[in-house]
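Here the structure comes first, spelled out in structure tokens, and everything after it is commentary.
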Number of protein chains: 2
Amino acid sequence: MATRTDAPTRREQILKEAARLFAERGFHGVGVDEIGAAVGISGPGLYRHFAGKDAMLAELLVGISGQLLTGARRRVAEADGEPAGRDPGRVLDSLIEGHIDFALDDRPLITLHDRELDRLRDTDRKLVRQLQRQYVELWVGVVREVYPDLAEPTARSAVHSVFGLLNSTPHLGRPGSLPGRGVTAGLLHRMARGAFAAAGSE
Amino acid sequence: MATRTDAPTRREQILKEAARLFAERGFHGVGVDEIGAAVGISGPGLYRHFAGKDAMLAELLVGISGQLLTGARRRVAEADGEPAGRDPGRVLDSLIEGHIDFALDDRPLITLHDRELDRLRDTDRKLVRQLQRQYVELWVGVVREVYPDLAEPTARSAVHSVFGLLNSTPHLGRPGSLPGRGVTAGLLHRMARGAFAAAGSE
DNA sequence: TCACCTTGTTAATGAGCGTTAACGCATTTC
DNA sequence: GAAATGCGTTAACGCTCATTAACAAGGTGA
């Protein structure tokens, strides 16, 4: 895995600031002038990099969904390749860990993810929905390996609920006021496992 | 408790439809004409009942927060009055039950609750925040009675996370596609307890 | 019957905002 | 060195939309 050390491109700067602003005040609550100001250029200057405000949101949401799905698939594949054979419990732990990393590192994006989906053009929205659905179904499969008694609709509800739990990080206060990243991650992880376990014992 | 059977007032109709529309497309995504149309009058006609669009949102959010807090306080008080003495576990169950009822019965409001708070005038926002904080602290107190080893910041994080879990109902699909209200409520309740239990065993 | 309040209506106003136009200036490319 | 290209700028356009103005009709009470 190549860690990038080069400076972020202008496009990336814009996307990052737009994500933050959209998460803070909503898509309609942010003007292009503000996004421009956040990266040191004027509002219309953004149009050299994006077709419009919608395009920024679309790229953000598609990017998020794709990243989540790709990461999850990688984790499942890694588990399948382990010498000791696939351990469903450890795969689930890995999925949880990945989602928590994302929720803690990209809190603005997590917020956008389930808040501004309706603002997308039809074609983009369908794409994002499809990626999200695949992500969910991947989780559902793993969860049902760990808890075979769980019916599929129940497992799906449980997965959505655990997403709600993990995605609660934006409500946990400013990053500074948290008890430390590792501690928070550990707490969320234990709670997610506890929630699944309770769902599994129906 | 008097169950009201009289017809809803125009104000109430408006608030209900506004809540639904705001939840669906966001505060800025809904025009006053749409809200008016939803109750059979014209956009400006709304101004006979509300000072403005902001006022509708404010009344909704203050109402939600107040209702949640009042209901929770009532449940705690009822538990204190029980002949067998106060059982913290049962109080927690009662709080969870109340929150689930609300999340299932008023899904649009739950969505608004953590999505559009920033759109309020300063004074209203402070009021809502204060009510929310009191609600959270009430939960934190009960949770720490059930799990005395839990440090206060941890308990608070756990409470926020469980709110995230319980408030996930809007993502669980259309009301029709759910496995039935009782089943869903039971699942959410078990998961919440499981999550708290896992948080408590640090 | 007349005044008045309630609850509507449609038309006009005015601000905000996404987008496009027209232009400037480095830097690269041939 | 000239042309093209990348990346900005400011000004202007046009649309949406919350809000207000002006007016109408039904009901109620003196």
Side-chain angles (χ1 to χ4, degrees), chain A residues 6-62 108 112 115-125, chain B residues 6-62 108 112 115-125:
Chain A
D6 44 334
T9 89
R10 183 49 38 111
R11 270 184 73 88
E12 288 169 332
Q13 286 180 47
I14 295 171
L15 283 177
K16 182 178 171 182
E17 294 303 313
R20 184 179 55 80
L21 290 167
F22 289 161
E24 278 173 10
R25 300 208 291 285
F27 180 68
H28 290 293
V30 179
V32 288
D33 289 348
E34 292 179 85
I35 303 174
V39 297
I41 68 178
S42 221
L46 297 171
Y47 286 74
R48 296 291 170 198
H49 305 274
F50 292 93
K53 204 180 148 194
D54 299 343
M56 300 180 207
L57 183 64
E59 188 157 329
L60 281 172
L61 292 187
V62 172
L112 283 188
R115 194 171 287 201
E116 307 284 0
L117 185 55
D118 312 325
R119 260 55 107 198
L120 257 48
R121 294 201 330 272
D122 253 37
T123 154
D124 289 322
R125 189 173 52 248
Chain B
D6 44 335
T9 93
R10 180 56 30 119
R11 270 183 72 88
E12 289 168 331
Q13 286 180 47
I14 295 171
L15 283 177
K16 182 177 172 183
E17 294 303 312
R20 184 178 55 79
L21 290 168
F22 288 161
E24 278 173 10
R25 299 208 292 284
F27 180 69
H28 284 107
V30 178
V32 289
D33 289 348
E34 292 179 85
I35 303 174
V39 297
I41 68 178
S42 222
L46 296 171
Y47 287 73
R48 297 292 168 198
H49 305 274
F50 293 91
K53 204 180 148 194
D54 298 344
M56 300 179 208
L57 182 64
E59 188 157 331
L60 281 172
L61 292 186
V62 172
L112 283 188
R115 193 171 288 200
E116 308 283 1
L117 185 55
D118 313 325
R119 261 54 109 199
L120 258 48
R121 294 200 330 270
D122 253 36
T123 155
D124 291 321
R125 188 173 53 248

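Order of the sequence lines sets the chain letters (A, B, ...), proteins ahead of strands, with each chain counted from 1.
The nearest whole Å value for the distance from the CZ atom in B:Arg48 to the C1' atom in D:dC23 is 10 Å. Rounded to an integer number of Å, the gap from CG of B:Asp33 to P of D:dC17 is 8 Å. Between B:His28 atom NE2 and D:dA18 atom P there is a gap of 9 Å when expressed in whole angstrom units. Atom CZ in B:Arg121 sits roughly 16 Å away from atom C1' in D:dA18 (whole-Å rounding). Atom CD1 of B:Ile41 is separated from atom C1' of D:dA25 by 16 Å (rounded to the nearest Å). In this structure, A:Arg11 atom CZ and D:dG8 atom P are separated by 13 Å, rounded to whole Å. With rounding to whole Å, B:Phe50 atom CZ is found 13 Å from D:dT19 atom P. When rounded to the nearest whole Å, the span between CG of B:Leu46 and C1' of D:dT19 equals 12 Å.
Between B:Arg11 and B:Glu59 the shortest side-chain heavy-atom distance falls below 4.5 Å. For the pair A:Lys53/A:Leu57, no side-chain contact is recorded, criterion being any heavy-atom separation below 4.5 Å from C-beta on.
In terms of modelled atom types and a separation under 3.5 Å, the side chain of A:Ser42 and the main chain of A:Gly45 share no donor-acceptor contact. In terms of modelled atom types and a separation under 3.5 Å, the side chain of A:Glu17 and the main chain of A:Val39 share no donor-acceptor contact. A donor-acceptor pair under 3.5 Å is absent between the side-chain atoms of A:Arg25 and the main chain of B:Arg119, judged by distance alone.
Here A:Gly45 lies in heavy-atom contact (under 4.0 Å) with a base. At a threshold of 4.0 angstrom between heavy atoms, the contacts of A:Val30 are confined to the sugar-phosphate backbone, with no base atom among them. Residue B:Gly43 is classed as having no contact, given no heavy-atom separation below 4.0 Å to the nucleic acid.
Across all their heavy atoms, B:Ala58 and B:Asp124 have their closest contact at CB-OD2, 3.5 Å.
Of the two residues contacting DNA chain C, namely A:Glu34 and A:Pro44, the nearest-nucleotide position lying further toward the 5' end is that of A:Glu34.
You can see that DNA chain C meets the heavy atoms of chain A within a 4.0 Å-exclusive cut from C:dG18 to C:dC23, reading 5' to 3'.
For the pair A:Arg10 and D:dG8, the criterion of a side-chain N or O lying under 4.0 Å from OP1 or OP2 is met.
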Would A:Arg48 and A:Ile41 count as a side chain to side chain contact (heavy atoms under 4.5 Å, CB included) here? Give the steps.
CA-CA 11 Å; A:Arg48 296 291 170 198; A:Ile41 68 178; over 6 Å; no

